[in-house]
J.: 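Sharing a structure, written as structure tokens. Questions coming.
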Number of protein chains: 2
Amino acid sequence: MSISQEKFKQMLKEKGLKVTNQRLLVLEVLAAHRDRHMTAEDIYELVKEDYPEIGLATIYRTVQLLLEMQLVDKINLDDGCVRYEIGEANDGEGEPHHHHHHLICKTCGKVFPFRDDLLDGLERHIEEETGFHVLDHELKFYGQCKKCRKK
Amino acid sequence: MSISQEKFKQMLKEKGLKVTNQRLLVLEVLAAHRDRHMTAEDIYELVKEDYPEIGLATIYRTVQLLLEMQLVDKINLDDGCVRYEIGEANDGEGEPHHHHHHLICKTCGKVFPFRDDLLDGLERHIEEETGFHVLDHELKFYGQCKKCRKK
DNA sequence: GTGATTGCAAACTTTTTGCATCCGA
DNA sequence: TCGGATGCAAAAAGTTTGCAATCAC
């Protein structure tokens, strides 16, 4: 049982919400595929293996809950569906919004993660310049991956 | 008549495509509202004022064309619909992908533009490190704007 | 026991597509 | 003229919602 699952149970109880199999399984599936960028449908198919009676609506409702609890991040790869991945900081500690960026290949469609903290300085700069308080960011790069370039 | 409209006509002819009223009007509406982030529906409503018989499907098809021609940029503000804005570089010259970033207020929903070229260095860094050739990027910051912070 | 949660189906929203008609070159 | 472009309606795809049944506490 992962740290985030224990944390999740505790957070649910604190909010007066119930710990259900469905909720635990959705988080488990996200944790087990942290390398992937999962759509609601992806999660649905995987949870169904353990719990065939689950409905797609429950996936949407649970993912919404996990977003509010900041246990998962939402990303949009511009292919028409929203994707979810478990937050990086939520197995251990650390600032909640230090997730990675995404390199999206326009040729093959593959998505590569990329870590960089360059934006911290930029966030401070924005706050000084505009008074806008930055809580989170999303950065995507579009281009061509190594493999596709060679062809 | 703006430079981008002339450019658009020429690009259409080069591709063997036709210059139609509908296409010109969609570009015109986007150019006239470069400060806004327009959905297909927004464009539809505005073009209808001059050309009531236009169909929404034509807006979608035209916007798709403008994206391919790199005359407009696509942005997604996570409110369930894709938005379009005319490319900054396309009235004059310059690198095509130097558009601005967006500061999205989680409280009032307003979107503020922010200019910064910090990402140029990061793009070079990515190419060296991963071999991924970056053509474009999209950067969004989520947080709270000056006004909402005061409350 | 009781209120939150779930599954199902229907509704909704945004975007795409097929096709007959129309129009620019 | 003729192939591309358009408008309309229908279809598709993703997500949300209402409600009765169910389950966690």
Side-chain angles (χ1 to χ4, degrees), chain A residues 5-6 8-29 37-69 72 74-84 109, chain B residues 5-6 8-29 37-69 71-72 74-84:
Chain A
Q5 186 159 129
E6 278 309 320
F8 182 38
K9 284 187 183 177
Q10 197 192 324
M11 287 172 88
L12 286 171
K13 280 171 192 163
E14 279 166 13
K15 279 195 162 199
L17 302 175
K18 289 173 183 172
V19 176
T20 64
N21 257 314
Q22 290 93 326
R23 286 177 175 164
L24 294 178
L25 282 166
V26 169
L27 185 68
E28 191 179 305
V29 159
H37 311 91
M38 311 244 286
T39 65
E41 197 75 36
D42 292 337
I43 300 167
Y44 179 54
E45 292 304 326
L46 285 165
V47 173
K48 265 210 294 205
E49 292 177 7
D50 285 334
Y51 199 101
E53 62 269 48
I54 199 166
L56 188 51
T58 302
I59 306 291
Y60 280 106
R61 286 187 279 231
T62 304
V63 152
Q64 192 55 47
L65 189 62
L66 290 166
L67 282 172
E68 281 160 23
M69 291 178 164
V72 308
K74 189 183 194 175
I75 47 172
N76 194 313
L77 267 27
D78 303 313
D79 63 345
C81 47
V82 177
R83 284 152 193 278
Y84 308 92
Chain B
Q5 186 159 129
E6 278 310 320
F8 182 38
K9 285 187 182 178
Q10 197 192 325
M11 287 171 88
L12 286 171
K13 281 172 192 163
E14 277 166 15
K15 279 195 162 200
L17 301 175
K18 290 174 181 170
V19 176
T20 64
N21 258 314
Q22 290 92 327
R23 285 177 175 164
L24 293 178
L25 282 166
V26 169
L27 185 68
E28 191 178 305
V29 159
H37 310 93
M38 311 244 285
T39 64
E41 197 75 36
D42 292 337
I43 301 167
Y44 180 53
E45 292 304 327
L46 285 166
V47 173
K48 264 210 294 204
E49 291 176 8
D50 285 333
Y51 200 102
E53 63 269 46
I54 198 165
L56 188 52
T58 301
I59 306 291
Y60 279 104
R61 287 187 279 232
T62 304
V63 153
Q64 192 55 46
L65 188 64
L66 290 167
L67 282 173
E68 280 159 26
M69 290 178 165
L71 290 174
V72 308
K74 189 183 192 174
I75 47 173
N76 195 313
L77 267 27
D78 302 313
D79 62 346
C81 47
V82 177
R83 284 152 195 279
Y84 308 91

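Residue numbering restarts at 1 for every chain, and letters A, B, ... go by the order of the sequence lines.
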J.: Could you walk me through whether Gln10(A) and Glu6(A) pass the side chain to side chain contact (heavy atoms under 4.5 Å, CB included) check?
T.: CA-CA 6 Å; Gln10(A) 197 192 324; Glu6(A) 278 309 320; over 6 Å; no

J.: Contacts to DNA chain C from residues 37-44 of chain A, heavy-atom cutoff under 4.0 Å, which residues?
T.: none

J.: Which heavy atom of Val72(A) sits nearest to which heavy atom of Leu67(A), and what is that distance?
T.: O-CD2, 3.4 Å

J.: Any chance you could list the contact pattern along nucleotides 1-7 of chain D? Use B for base contacts, S for sugar-phosphate-only contacts and - for none, protein heavy atoms under 4.0 Å, 5' to 3'.
T.: --BBSBB

J.: My understanding is that only residues two or more places apart in sequence, or in another chain, count here; which of them pass side-chain contact (heavy atoms from CB on, under 4.5 Å) with Val82(B)?
T.: Lys74(B), Asn76(B), Tyr84(B)

J.: Do any side-chain atoms of residues 20-28 of chain B form donor-acceptor pairs under 3.5 angstrom with protein atoms, and if so which ones, sequence neighbours left out?
T.:
{"residue": "Thr20(B)", "atom": "OG1", "partner": "Arg23(B)", "partner atom": "N", "Å": "3.2"}
{"residue": "Gln22(B)", "atom": "NE2", "partner": "Tyr51(B)", "partner atom": "OH", "Å": "3.2"}
{"residue": "Arg23(B)", "atom": "NH1", "partner": "Lys18(B)", "partner atom": "O", "Å": "2.8"}

J.: So where does chain A start and stop touching DNA chain C, 5' to 3', when the test is distance under 4.0 Å to a non-hydrogen atom?
T.: dG3(C) to dC8(C)

J.: Using side-chain hydrogen bond (donor to acceptor under 3.5 Å, both in side chains) as the criterion, list what pairs up with Thr58(B), not counting sequence neighbours.
T.: none

J.: Mind checking what makes side-chain contact (heavy atoms from CB on, under 4.5 Å) contact with Lys13(B), not counting sequence neighbours?
T.: Val19(B)

J.: Distance from Leu65(B) atom CG to Phe8(B) atom CZ, nearest 0.5 Å?
T.: 5.5 Å

J.: Output all residues satisfying side-chain hydrogen bond (donor to acceptor under 3.5 Å, both in side chains) with Arg61(B), sequence neighbours left out; order by chain, then residue number.
T.: none

J.: Could you walk me through whether Met69(B) and Lys15(B) satisfy the side chain to side chain contact (heavy atoms under 4.5 Å, CB included) test, starting with their C-alpha distance in whole Å, then the side-chain angles of each, then the deciding distance to 0.1 Å, before giving a yes or no?
T.: CA-CA 10 Å; Met69(B) 290 178 165; Lys15(B) 279 195 162 200; 4.0 Å; yes

J.: For a side chain to side chain contact (heavy atoms under 4.5 Å, CB included) check, start with the C-alpha distance between Asp42(A) and His37(A), then their side-chain angles and the critical distance, and finish with the verdict.
T.: CA-CA 9 Å; Asp42(A) 292 337; His37(A) 311 91; over 6 Å; no

J.: dG14(D) C1' sits how many Å from Lys74(A) NZ, rounded?
T.: 13 Å

J.: List for me each residue that meets side-chain contact (heavy atoms from CB on, under 4.5 Å) alongside Glu41(B), sequence neighbours excluded, and say none if there are none.
T.: Thr39(B), Tyr44(B), Glu45(B), Leu56(B)

J.: Can you give me the bend angle of the helix from dG1(C)-dC25(D) to dA25(C)-dT1(D)? Use the axis through the first five pairs and the one through the last five, nearest 10 degrees.
T.: 40°

J.: Nearest-Å distance, OH (Tyr60(B)) to P (dA13(D))?
T.: 16 Å

J.: Run the side-chain hydrogen bond (donor to acceptor under 3.5 Å, both in side chains) test against Glu49(A) and tell me which residues pass, sequence neighbours left out.
T.: none

J.: Mind checking what makes salt bridge (Lys or Arg N to Asp or Glu O under 4.0 Å) contact with Asp50(A), not counting sequence neighbours?
T.: none

